[in-house]
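A short write-up of the structure that comes next.
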Amino acid sequence: MERLVAWLVEHRPDVVCLQETKCVDEKFPREPIEELGYNVEVFGQRTYNGVAILSRAPFDDVERGFPGDGGEARALGATIGDLMVLNLYVVNGQSVGSDRYRDKLAWLGKLAEHVRDRYPMDEKVVLCGDFNITFDDRDVWDPDRWRERILCSTPEREALAGLMEVGLRDAVRKFTDEGGIYTWWDFRTFAIKRNRGLRIDHFLLSPPAFDACIGIDVDVATRKAEKPSDHAPVIAAFE
DNA sequence: ATGGTCGCGGAGCGA
């Protein structure tokens with residue numbers, strides 16, 4: 001909470017989407033965030049998963065989860081002004097071929113259905129969060145080492161592409177075709193020191209949101225700071 | 001090479 005509060009004070013974002021909050025709604029520490037002027041919506045569970053949205057402007061149409069999502073607290077949607085925001089913590093999938101991997105692919109299929117049904121692509125739609133999938137080899141520090149492994153396998157990438165087919169675009173690719181942009185670095189291998197990262201946290205935008213997006217950046221400094229998450233914050237700006 | 005480090009929660013699991 002100390003680091004989150006300092007980060008909010010430093011960056012003054014209008015909307016923040018958090019993943020892996022790992023706490024039930026009753027225990028979520030709302031007050032320090034509300035004191036900074038944010039409205040707070042949480043969708044949590046004990047120990048695992050959990051998502052939250054912080055917003056200076058009030059929320060409308062909050063939705064927790066989606067049909068067929070398996071009941072885990074991984075999706076929190078809300079309308080904020082003219083933005084339809086869907087904050088996602090995609091199933092990690094453990095390893096290719098595992099039960100959880102099959103869950104991941106099924107979950108993504110249900111998500112694509114839900115977005116197709118409920119998120120009109122002529123509105124400003126923002127899907128963001130931890131997708132636990134790289135789009136292509138540009139998002140991987142060593143594509144050969146990661147070939148067909150979890151977060152990089154072809155079925156995962158096809159599932160993500162299937163979601164994009166609803167009418168979404170990857171915000172980063174509005175601004176650059178370059179590789180080497182990462183949002184996650186493994187704790188276990190001290191990967192941040194050598195920049196052995198993956199880009200698995202995304203902003204997926206409908207055409208009106210894509211047009212309104214004026215920049216997106218990974219806050220690597222926060223990943224390099226004391227007691228970090230293994231993910232870096234991703235910050236997108238809209239006109 | 002199946003490790004390594006984290007957080008949660010009070011052992012072992014998921015990431």
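First the proteins, then the strands, lettered A, B, ... as listed; each starts at 1.
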Can you give one letter per nucleotide of nucleotides 5-15 of chain B, 5' to 3': B if a protein heavy atom sits under 4.0 Å from the base, S if only from the sugar-phosphate, - if neither? BSSSS----SB
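Nucleotides B/dA1 and B/dG12 place their P atoms 28 Å apart, quoted to the nearest Å. B/dG10 and B/dT5 have their P atoms separated by 23 Å, with the value rounded to a whole Å. For the C1' atoms, the distance linking B/dG3 with B/dG9 amounts to 24 Å, nearest Å. Using P as the reference atom, B/dA15 and B/dT2 are 22 Å apart when rounded to the nearest Å.
In this structure, the side-chain contact (heavy atoms from CB on, under 4.5 Å) partners of A/S98, at least two apart in sequence or on a different chain, are A/Q94, A/S95, A/R100, A/Y101. The side-chain contact (heavy atoms from CB on, under 4.5 Å) search around A/D99 returns A/R102, not counting sequence neighbours.
Atom CG of A/D142 and atom P of B/dA1 are 15 Å apart (whole Å).
Because its NZ or CZ atom is not both nearer than 6.0 Å to the ring centre of A/Y182 and within 45° of the ring axis, A/R199 does not count as a cation-pi partner of that residue.
Checking A/D186 against A/T189 by side-chain atom types alone, no donor-acceptor pair falls below 3.5 Å. For A/W141 and A/N195, the side-chain atoms include no donor-acceptor pair closer than 3.5 Å. Side-chain polar atoms of A/D201 and A/T183 form a donor-acceptor pair below 3.5 angstrom.
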